[in-house]
Number of protein chains: 2
Amino acid sequence: MATLAERPRLDDVLEDLGYRMTPPRRLLARLLGNKAGSFSAEAIIEELPTVGRATVYRTLKLLVDAGILCKTALPDGAPRYSFDDARHHHHVICANCGKVEEFRKPVVERLLRAMAKEVGGAVVGHRVELYITCADCL
Amino acid sequence: MATLAERPRLDDVLEDLGYRMTPPRRLLARLLGNKAGSFSAEAIIEELPTVGRATVYRTLKLLVDAGILCKTALPDGAPRYSFDDARHHHHVICANCGKVEEFRKPVVERLLRAMAKEVGGAVVGHRVELYITCADCL
DNA sequence: GCCATAAGTGATACAACATATCACTACTGA
DNA sequence: TCAGTAGTGATATGTTGTATCACTTATGGC
């Protein structure tokens with residue numbers, strides 16, 4: 001995951017993408033900017049009672065589409081959002097606390113590419129997730 | 001995925017697991033026994049209007065827990081059920097028609113095990129999915 | 001074959017996560 | 001300043017399930 005320091009300022013990102021900077025988006029940007037680990041959409045909604053559900057979901061989607069956030073899931077399927085780093089990567093997810101870390105392994109990509117050749121058809125994507133109980137939770 | 005011929009008879013499976021064979025379960029077993037590819041729970045519910053939602057979901061869960069069915073997801077997160085083969089495996093999923101195929105690659109397991117050593121914490125599981133557009137859909 | 005009983009059932013409510021609609025508001029650029 | 005469009009929040013709806021609960025029934029022991 002991009003560290004707090006590396007992270008682009010969210011309001012800048014949204015403006016650069018041509019979106020308007022509105023008070024709800026500023027609130028969201030400020031809140032998300034200080035989030036570590038992963039979070040659920042509902043948590044954000046609770047923390048920003050003045051911002052409507054639809055707006056929270058809309059903005060999260062915007063940020064996911066822009067590659068700023070990444071949407072993953074815990075093993076039980078509960079969706080989590082976390083900051084993303086622009087490069088292609090996979091996730092290590094703590095099944096207990098939901099913390100998400102990224103990893104990049106060219107070997108994984110090579111392997112999947114090789115596998116792609118074996119199956120007929122055109123590969124459109126892949127997903128690799130490793131579930132752990134993190135050191136803090138042990 | 002287990003081929004139609006290889007597939008154990010579902011009613012036998014349920015009985016062997018100690019479950020009662022009831023009319024709704026027989027209907028489900030007959031319907032699922034003829035399914036190819038993957039399907040959604042809601043499709044089953046529509047096809048069996050005499051069987052309640054709860055019963056369909058309960059029975060699907062039973063079969064997933066028993067290792068007969070496997071629950072995966074399309075790239076957009078829409079859940080799909082497909083027949084499963086008992087051994088550990090991963091999925092190749094057609095993002096267009098939802099067809100699910102299994103693959104086994106010991107290399108993948110070895111790689112994930114190696115990765116597990118690098119991250120702190122205890123590995124509790126993993127998920128690897130390859131999304132394609134299958135030959136039929138091209 | 002009968003019966004007790006535990007397992008199973010369906011209707012319905014609820015829950016989590018998200019999108020659609022729509023009248024209203026407020027940025028923004030001209 | 002002002003028109004036009006992007007954005008907003010309330011609310012309804014959709015999807016995918018799980019919980020509850022009164023009712024029904026399959027099954028094993030006799």
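Reminder, nothing fancy here: chain letters follow the sequence lines and each chain counts from 1. Excluded from the calculations below are hydrogen atoms, water molecules and symmetry mates; all remaining heavy atoms, backbone and side chain alike, are included.
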Exercise for review: Check every atom of dG17(D), dT11(D), dC27(C) against the side chain of R20(A) and return the nucleotide holding the closest atom.
Suggested key: dC27(C)
Point to revise | Atom-pair distance (CZ on R25(A); P on dT28(C)), nearest Å | key: 10 Å
**Study point:** R58(A) side chain near dA6(D) phosphate (N/O to OP1/OP2, under 4.0 Å)
**Key:** no
Review point. Between E42(A) and R53(A), is there a salt bridge with N-O shorter than 4.0 Å?
Key: yes
Point to revise | Phosphate contact (dT9(C) OP1 or OP2) by Y19(B) side-chain N/O below 4.0 Å | key: no
Exercise for review: Using the six-membered ring wherever Trp is involved, compare the ring planes of F39(B) and Y81(B) and label them parallel, tilted or perpendicular (cut-offs 30° and 60°).
Suggested key: parallel
Revision key, fill the gap. Winner on side-chain proximity to A54(B), out of dT12(C), dT11(D), dT8(D), is dT12(C)
Exercise for review: Between dT19(C), dT9(C), dT8(D), spot the one nearest the side chain of K61(A), thanks.
Suggested key: dT19(C)
Review point. Contact class for T50(A) vs. all strands (heavy atom < 4.0 Å): base, sugar-phosphate, or nothing?
Key: sugar-phosphate
Point to revise | Phosphate contact (dG17(D) OP1 or OP2) by K71(B) side-chain N/O below 4.0 Å | key: yes
Study note, to complete from the structure: Rounded to whole Å, the CG-P distance (L62(B) to dG17(D)) equals 15 Å
Exercise for review: Take the protein atom CE of M21(A) and the nucleotide atom C1' of dT8(D), then report the distance between them rounded to whole Å.
Suggested key: 14 Å
Check your understanding: What does R53(A) touch in the nucleic acid at a heavy-atom separation under 4.0 angstrom: a base, only the sugar-phosphate, or nothing?
Key -> base
Check your understanding: What integer distance in Å separates L74(A):CG from dA16(C):P?
Key -> 14 Å
Practice item. Measure from CZ on F39(B) to P on dG17(D) and round the result to the nearest Å. Key: 12 Å
**Study point:** E101(B) side chain reached by H91(B) side chain, heavy atoms, under 4.5 Å
**Key:** no
Point to revise | Residue whose nearest DNA chain D nucleotide is more 5′ - E42(B) or P23(B) | key: E42(B)
Point to revise | Upstream residue (5' side of DNA chain D) when R80(B) and G18(A) are each assigned their closest nucleotide | key: G18(A)
Exercise for review: Please determine if a side-chain N or O atom of T22(B) lies less than 4.0 Å away from the OP1 or OP2 oxygen of dT25(D).
Suggested key: no
Review point. Once you round it to whole Å, what is the distance between C1' of dT20(D) and OH of Y57(B)?
Key: 18 Å
Revision key, fill the gap. In whole angstroms, the gap separating P of dA6(D) from CG of L14(A) amounts to 16 Å
Exercise for review: In whole angstrom, give the distance that lies between atom CG of D76(A) and atom P of dA15(C).
Suggested key: 18 Å
**Study point:** Side-chain donor/acceptor of S38(A) to backbone N/O of V100(A), under 3.5 Å
**Key:** no
Check your understanding: Any sub-3.5 Å donor-acceptor pair from R25(B)'s side-chain atoms to T59(B)'s backbone N or O?
Key -> no
